[in-house]
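As structure tokens, the structure follows; a few thoughts come after it.
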Amino acid sequence: MQPQPPKATNVPTPAQHHAGKTLATLAFALALHHTTAALAQQATPQPQQDTPYQAAHKGGTLRLVASTSGGTLDPQINYSGKYINLFAVVYDGLTTFKKVQGPEGNSVVPDLAENLPTPQDGGLTYIFTLRQGIRFSNGQPVTTADVSASLRRIFKVGSPTAGSFYSAIVGADLCLKTPATCTLKGGVEENPAQRTITIHLVRPDTEFLQKLAFTHAVIVPANTPEHDVGNTPIPSTGPYRLTKYDPNTALSLDRNPFFKEWSAIAQPQGYPDTIEYSFGIPDEAAVTAVENGQYDFMADVIPMDRLGELGNRYTAQTHVRPHAAMYFLPMNVNIPPFNNLKARQAVNYAVSRKAMVIFYGGPGIARPLCGMVPSSLPAATNFCFYTKGASPTASALQWQAPDLAKARQLVQESGTAGQKVTLITANTSVDMAMGGWVRDMLQNIGYQASIRPISNTLSMTYVQNTANKVQISLTTWSADYPSPSNFLDDLLGCENFHPNSDSSINIPGFCNKQVQNLMDKAKTDTTLTPTQTEDLWRQADRLVMAQSPIAPLIERDTVVLTSARLGNFFYTTVNQLFFSQVWVH
């Protein structure tokens, strides 16, 4: 049964309600501002050197907590940051990102493969040699057959990134059309005697090694079911294996008895003996529990009203780290009212990105975002169309203030004034606060707006499925790896729109040939310099924002709260807190 919208309540006029709520929020923010700025400064130490494994710190149980579970245990399907970061210590691909702290963590290194191949045939052929002696957690040796089957399985199970990440493989076009009969014939060849896997592409892909390092391309046994395994763990190669899972209460990992470290920078041996995840603890209660040492780490965003105490009393346990991530409002371009360009532009003009910064925790940990690419990435957005005094034909350098008068004018011109609009949001404290503000804003510019909160576990898949007829939603996105393609092509590429699917990450259903051509050239043209490639992404960004399928809100840093007993805080740019490397003993 789908969640039902809440009943409407009597409220003051939208303008009065919106203004009163915003003033109260801003008043609180003034008191919080200096604390969160200090938090960002005090809680971020200088990058530290990674040290060799210290056996004295081995052992103990790492205790994680979240308000909800993260969905399926299938690593080739799950697209929640909560579990993708956990899967990093469970599964391996042919390649991975370097497990070190600092910028070097963006580098790709060989994982189950012995080395990184040099692309051949003008970037169309990659030959990998599989390492010897690696076993799955059930004792079964890892073979080239497992690699081939895993690559086919990406398409058979409908992985969310099958089209955006792996469509360049020869035969992928047929696999995307008819997943059940996917063979990747001509695209993946194995030579068991030589332990080689050859992958042929139909076009060069300048980010192919990064895509193979992403979780959806991990290697699982060839006999793994060709459907979503749900709550059943799949045998793995990393230092930990999934053992128990009840999505309502808990998840457990223990050591993989067949793991032997083959590369400390690809998959280092772990310190904790077990990792336990507890679910069902609301974010407010989780903060207190971690402060008191009942848990070691909380996965949910820390509520704004708790940041002050962290900055004053728990700076040693609070860590602010950069991460390419954003909050945004995707608008469905295929159904009213946002199938009208002026209606979408009105939302972009009306949003107070300053208010969204405040709701997340203040300028010490968040900043307004006008386009699709956060500032920590190449080709970061360097313009702002939708701020007071600016437009798509006369952009500003940065966001200054909302333009409600312009927004109301556009709503009237669009002919959509008075229409009913339902905003979908996750039911976390931060998302609900932001969502309430956006609902009031939509009322203020001329819509009959309501908000429908959905469980944080279900909200992302719900808003992706066109069958749910979601008009507008509030959601977050973070980089799978450090590239503007993760925000532009992933979220708005034509190949990522799959009607009636929970794995349609192009939530607005946006497809623009001019934009797609620019993105495809940036991804495939190996003759371009980095500067030329960045210029293509920026062109695509400007064209996208002129069409406004999304209203970017803020880019955000990651605020990590840990227990006092947790040592060796180990943060990578891709997987954030890297669970296998912290000390709890």
Side-chain angles (χ1 to χ4, degrees), residues 2-6 8 14 18 326-353 355-356 359 369-372 385-386 402 404 406-408 410-412 414-428 430-456 458-477 487 491-492 496-497 499 502 504-511 544-545 547-554:
Q2 293 179 353
Q4 297 298 309
H18 167 70
M326 72 174 182
Y327 268 90
F328 65 105
L329 297 170
M331 292 170 277
N332 192 326
V333 302
N334 298 308
I335 61 174
F338 301 116
N339 56 349
N340 188 296
L341 172 60
K342 289 185 177 181
R344 301 194 299 270
Q345 291 178 325
V347 171
N348 262 292
Y349 271 118
V351 167
S352 172
R353 291 167 173 86
M356 299 300 109
F359 282 124
L369 185 63
C370 288
M372 291 299 298
F385 292 164
Y386 303 108
L404 289 173
K406 179 69 173 177
R408 295 189 191 103
L410 287 168
V411 170
Q412 291 296 324
S414 71
T416 64
Q419 291 188 18
K420 292 182 178 180
V421 175
T422 301
L423 172 73
I424 305 297
T425 184
N427 62 354
T428 66
V430 172
D431 288 58
M432 286 288 291
M434 288 183 176
W437 192 99
V438 172
R439 183 232 9 240
D440 293 350
M441 175 272 289
L442 290 169
Q443 291 177 339
N444 202 354
I445 63 175
Y447 294 111
Q448 297 183 53
S450 61
I451 184 172
R452 183 188 302 172
I454 293 180
S455 166
N456 191 33
L458 303 174
S459 61
M460 188 60 178
T461 55
Y462 184 86
V463 301
Q464 291 182 70
N465 196 321
T466 57
N468 297 321
K469 301 186 184 304
V470 175
Q471 298 164 297
I472 184 171
S473 56
L474 171 71
T475 191
T476 66
W477 190 257
F487 291 85
L491 294 176
L492 297 167
N496 291 328
F497 179 51
D502 285 349
S504 183
I505 56 176
N506 182 339
I507 301 170
F510 177 82
C511 181
V544 161
M545 289 314 304
Q547 292 297 311
S548 294
I550 280 173
L553 300 177
I554 60 171

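All figures in this text were calculated on a predicted structure; none of them were measured in a lab. Count residues from 1 along the sequence. We use all heavy atoms of the structure for the numbers below, so side chains are in, but hydrogens, waters and symmetry mates are not.
Residues meeting the salt bridge (Lys or Arg N to Asp or Glu O under 4.0 Å) test with Lys342, sequence neighbours left out: Glu413. Residues passing the side-chain contact (heavy atoms from CB on, under 4.5 Å) test with Ser473, sequence neighbours excluded: Pro330, Ile424, Val463, Val470, Ile507. Contacts of Asn496 classified as side chain to side chain donor-acceptor pair (under 3.5 Å), with partners at least two apart in sequence or in another chain: Ser164. For the side-chain contact (heavy atoms from CB on, under 4.5 Å) test, residues two or more places apart in sequence or in another chain that qualify with Asp502 are Thr461, Asn465. With sequence neighbours left out, Ser352 forms a side-chain contact (heavy atoms from CB on, under 4.5 Å) with Lys354, Ala355, Trp399, Pro402, Trp437.
Proximity of a side-chain donor or acceptor of Arg408 to a complementary backbone N or O of Gly446 within less than 3.5 Å is not detected. Checking side-chain atoms of Arg353 against main-chain N and O of Pro552 turns up a donor-acceptor pair under 3.5 Å. Checking side-chain atoms of Arg439 against main-chain N and O of Ala449 turns up no donor-acceptor pair under 3.5 Å. Panel note: side chain Gln448, backbone Lys420; no donor-acceptor pair is recorded below 3.5 Å. Using modelled atom types, one side-chain atom of Gln471 and one backbone atom of Pro336 make a donor-acceptor pair closer than 3.5 Å. Between the side chain of Tyr447 and the backbone N or O of Val411 there is no donor-acceptor pair closer than 3.5 Å.
Taking CG from Leu404 and NZ from Lys406, the interatomic distance works out to 13.5 Å, rounded to the nearest 0.5 Å. Summarising the geometry, atom OG1 belonging to Thr475 is positioned 10.0 Å from atom CD1 belonging to Ile550; distances are rounded to the nearest 0.5 Å.
Note on residues 327-337: pairs passing side-chain hydrogen bond (donor to acceptor under 3.5 Å, both in side chains), not counting sequence neighbours, are Tyr327-Asp431.
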Could you please spell out the steps behind the side-chain contact (heavy atoms from CB on, under 4.5 Å) verdict for Leu442 and Val438? CA-CA 6 Å; Leu442 290 169; Val438 172; 4.2 Å; yes
